[in-house]
Protein chains: 2
Amino acid sequence: MQSLIEAQKKLLPDLLDVMQKRYRILQYIRLMQPIGRRVLSNSLGISERVLRSEVQFLKEQNLLIMSSAGMSVTSEGNELLHILEDVMREVLGLKDLEKKLKHTLHIEDVIVVAGDSDLSPWVKKEMGRACVACMKERLTDKNIVAVTGGTTLAAVAEMMTPDSKQSDVLFVPARGGLGEDVKNQANTICAKMAEKTMGNYRLLHVPDHLSNEAYQSLIEEPTVKEVLQLIKSSSMVIHGIGDAITMAERRKTPEEDMEKIKARYAVAEAFGYYFNQEGEVVHKVKTVGIQLEDLEHVQHVIAVAGGASKAKAIKAYMKQAPHSILITDEGAARALIRE
Amino acid sequence: MQSLIEAQKKLLPDLLDVMQKRYRILQYIRLMQPIGRRVLSNSLGISERVLRSEVQFLKEQNLLIMSSAGMSVTSEGNELLHILEDVMREVLGLKDLEKKLKHTLHIEDVIVVAGDSDLSPWVKKEMGRACVACMKERLTDKNIVAVTGGTTLAAVAEMMTPDSKQSDVLFVPARGGLGEDVKNQANTICAKMAEKTMGNYRLLHVPDHLSNEAYQSLIEEPTVKEVLQLIKSSSMVIHGIGDAITMAERRKTPEEDMEKIKARYAVAEAFGYYFNQEGEVVHKVKTVGIQLEDLEHVQHVIAVAGGASKAKAIKAYMKQAPHSILITDEGAARALIRE
DNA sequence: TATACATGGACCTAAAATGTCCCGCTATGA
DNA sequence: TCATAGCGGGACATTTTAGGTCCATGTATA
């Protein structure tokens, strides 16, 4: 199979381009369906006319259907996308990127999806899809999955689908309030994931800034305590990685912490922890839930982050998480390798 | 892999056609290099202009070079052809034919090459190439290879190349004179093979029609006797299969034998043996060398024959040679399966 | 040295791809 | 209920490409 594609690259590179184009179109339609020509052509950067021809073709192949609401992928089209997924990764050179990333970042497993989420927001969804596939591969019988917040994780949640095998999954937020926007909060995402997978969830209601005493009494509450217990025993953690300054600014970080973060050259953020270039923790938001050292005992840790702008953060964070699975995009991957 | 190709076909219905076209062009060039556009386009049945475009493309891909003498395949092109060989067999459905042939002929191993040697003479060369590859796979340390005559075997000889591993091969003619044309005689072919592989050879000089007494004294000759000894101990036999009547006519078969061959409904010929539809010997040319019953003790027996017109003969011969390896072409294979 | 065969340039035509503009339909939300 | 944004699709001019045809020029070889 490898050799077939290699050979095809030599013998018909022109056709592979066409294949790639059609694949992208179909893939994007799946992501955004139902969608119309105009929006689609804009998003893909293809002139509307050529898109129209391609779409016409794909329709004749029964890969998509058109309705007054827009175009959607048929089940046949879905199947095709699935079969070709691996091939296209090869064709697009993503496999190659993965190999290089494993080497430069010294990590064991990485998945790179096409595109750059800085440039095209839908790439986040593709990372989401990849993450979901990755999760499904690894989820066994009964599982507790802890998730963090962030726009990337929101994309993951959006792409979640019920697992055909069994849906005995319990979602919990990994850590208490970190000061995010509501729709990007761990709690929200946690609930959404459970809803999409028809699984269960528990939430952790911990106000952002609390006095120490209030804290202590809160975590003694039975309901809170139970959730904390679940979190500690989770078998999978899914989290995003952010740029330190951006994250600090987005959250209502107190002035003094902000100073600290900047003074210590934090570049990456994850779980409410801030890391410098070397992957060392320079600051942490005080809240309950999973702590960095707990990760070691979690079976599967999946980090999801993409976009060239996050390359530095990813690099820093990954320095201290060699056993995490990284799901990223082409933009970040290329930036990482360039360095 | 099949599903991959199916999927590609959905997205790019003419992918395989183009791939096949380019492959054929490259393959043919390798066969005939150096070769010019006119001859090439004629042989392949492609208009000269489209051939020109394709060739231009292949040149840009560094798969072939053009010189004033004509076009030749580069080493990169050769490599590609090699990689693609297996893939194309699959794509062209040859693997499928092989499977069916194994079943209908009850034989263990068969290789089918594309084309029909009745229609395009160069297909014989492809069979030759396949036969050579097959031989190389099976030849071990020191070997004695016995070969027969015929145009097909001549093609095999032509495609022979020195073996990189070792060339400690001794070629001998399988049987004495059978009345063939000089350039298709076993002796000639035997010598040619040795020359091409940089191996050694021994010849067997036995006049065609000899009195019994002369025969007896001849085979007592030390030089003849030695060669006969070698023949009997050969580890590989390569032979063609012919249509009985055609072969009988080509050789200066005496009137009475001719009658016999026809009266007994001979359809196949190999080694100077004539077989009827059931694979029973109905006549044999009297000469020295390997006898049919000796084949059982030979490690590798390879039969090479192609062209739809030979289907009947192949079928008949194979009935009594289930352990032979058959190398044939698409034309013969399809005819065989049709029956 | 003539000949045959090689490539490569030039130009024309047919056909396919693409750009442009517009129309009628329908789902949606005020 | 109705306005409207967004949908697919028709029509046609224009550009680009593929392919047909012919010929010039160079170079081995008999």
Side-chain angles (χ1 to χ4, degrees), chain A residues 11-74 76-77 120-122, chain B residues 9-74 76-77 120-122:
Chain A
L11 208 56
L12 14 98
D14 43 349
L15 293 194
L16 284 192
D17 289 345
V18 178
M19 185 160 125
Q20 209 171 306
K21 180 166 67 176
R22 293 183 180 163
Y23 181 81
R24 279 223 310 153
I25 293 172
L26 209 56
Q27 180 181 252
Y28 198 99
I29 293 177
R30 174 175 65 174
L31 221 53
M32 309 290 273
Q33 60 193 340
I35 189 179
R37 277 200 322 249
R38 268 155 272 259
V39 178
L40 188 56
S41 63
N42 257 320
S43 315
L44 291 172
I46 303 180
S47 98
E48 193 187 328
R49 194 56 178 81
V50 347
L51 178 86
R52 192 168 157 185
S53 312
E54 295 299 347
V55 150
Q56 183 70 24
F57 168 86
L58 293 172
K59 181 185 163 195
E60 275 157 17
Q61 296 289 349
N62 276 316
L63 298 173
L64 57 82
I65 47 165
M66 290 164 149
S67 70
S68 59
M71 301 172 280
S72 313
V73 175
T74 63
E76 203 175 336
S120 4
W122 58 282
Chain B
K9 259 196 208 166
K10 268 271 161 53
L11 222 49
L12 234 41
D14 51 356
L15 174 108
L16 285 191
D17 294 338
V18 178
M19 190 159 129
Q20 212 171 308
K21 180 166 71 179
R22 290 180 184 167
Y23 178 76
R24 282 222 309 152
I25 293 171
L26 209 58
Q27 180 182 253
Y28 201 99
I29 294 176
R30 174 175 66 173
L31 221 53
M32 310 288 274
Q33 61 192 335
I35 187 177
R37 275 201 321 251
R38 263 158 278 262
V39 178
L40 188 57
S41 62
N42 258 320
S43 314
L44 291 172
I46 304 179
S47 99
E48 194 185 328
R49 193 57 178 78
V50 344
L51 179 84
R52 193 170 158 182
S53 311
E54 293 299 343
V55 150
Q56 183 69 24
F57 168 86
L58 292 172
K59 181 185 165 195
E60 274 157 17
Q61 294 292 119
N62 274 318
L63 298 173
L64 56 83
I65 48 165
M66 289 163 148
S67 72
S68 60
M71 300 172 280
S72 313
V73 175
T74 63
E76 205 176 340
S120 4
W122 57 281

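Just so it is clear, the values below take in all heavy atoms, side chains as well, and ignore hydrogens, waters and symmetry mates. Here the structure is a predicted model, which is why all the values come from computation and not from measurement. Chain identifiers are assigned alphabetically (A, B, ...) following the order of the sequence lines, protein sequences preceding nucleic acid strands; residue numbering begins at 1 within each chain.
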Over how many whole Å does the gap from [X] atom [atom1] to [N] atom [atom2] extend?
| X | N | atom1 | atom2 | value |
| --- | --- | --- | --- | --- |
| B:R49 | C:dG8 | CZ | P | 12 Å |
| B:M32 | C:dA6 | CE | C1' | 15 Å |
| A:Q56 | C:dT18 | CD | C1' | 14 Å |
| B:L58 | C:dT7 | CG | P | 13 Å |
| A:M66 | C:dC25 | CE | P | 18 Å |
| A:R38 | C:dC23 | CZ | P | 13 Å |
| B:L40 | C:dA6 | CG | C1' | 13 Å |
| B:E48 | C:dG8 | CD | C1' | 11 Å |

Task: Closest non-hydrogen atom pair between B:T74 and B:I65, with its separation - done: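 Scanning both residues completely, I find the closest heavy atoms to be CG2-CG2, 3.6 Å.
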
Open item on the list: If you apply the rule side chain to side chain contact (heavy atoms under 4.5 Å, CB included), what do you find for A:L51 with A:S47, and how did you get there?
Closed with: CA-CA 6 Å; A:L51 178 86; A:S47 98; over 6 Å; no

Open item on the list: Does A:R52 contact C:dG19 through a side-chain donor or acceptor facing the base, at a distance under 3.5 Å?
Closed with: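 Absent.
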
Hey, does the side chain of [X] come within less than 4.0 Å of [N]'s phosphate (OP1/OP2), counting only N and O?
| X | N | answer |
| --- | --- | --- |
| B:K59 | C:dG8 | yes |
| A:S68 | C:dA27 | yes |
| B:S47 | D:dG20 | yes |

TODO: Test B:Q61 against A:L11 for side chain to side chain contact (heavy atoms under 4.5 Å, CB included), laying out the working first.
DONE: CA-CA 8 Å; B:Q61 294 292 119; A:L11 208 56; over 6 Å; no

- [ ] List the steps and the verdict of side chain to side chain contact (heavy atoms under 4.5 Å, CB included) for B:L63 and B:V73.
- [x] CA-CA 6 Å; B:L63 298 173; B:V73 175; over 6 Å; no

Task: Selection from C:dT7, D:dG19, C:dA6 that lies nearest to any side-chain heavy atom of B:V50 - done: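 Taking heavy atoms from C-beta onward, the closest nucleotide is D:dG19.
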
Open item on the list: Quick one: does any side-chain atom of A:S120 pair with a main-chain N or O of A:W122 as donor and acceptor, under 3.5 Å?
Closed with: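 Absent.
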
- [ ] Could you say whether B:R37 or B:E54 is positioned toward the 5' end of DNA chain D, judged by the nucleotide with the nearest heavy atom to each?
- [x]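 Looking at DNA chain D, the more 5' nearest nucleotide goes with B:E54.
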
Open item on the list: Under 4.0 Å, heavy atoms only, any strand: does B:L51 hit a base, just the sugar-phosphate, or nothing?
Closed with: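 Answer is nothing: B:L51 stays at 4.0 Å or more from every strand.
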
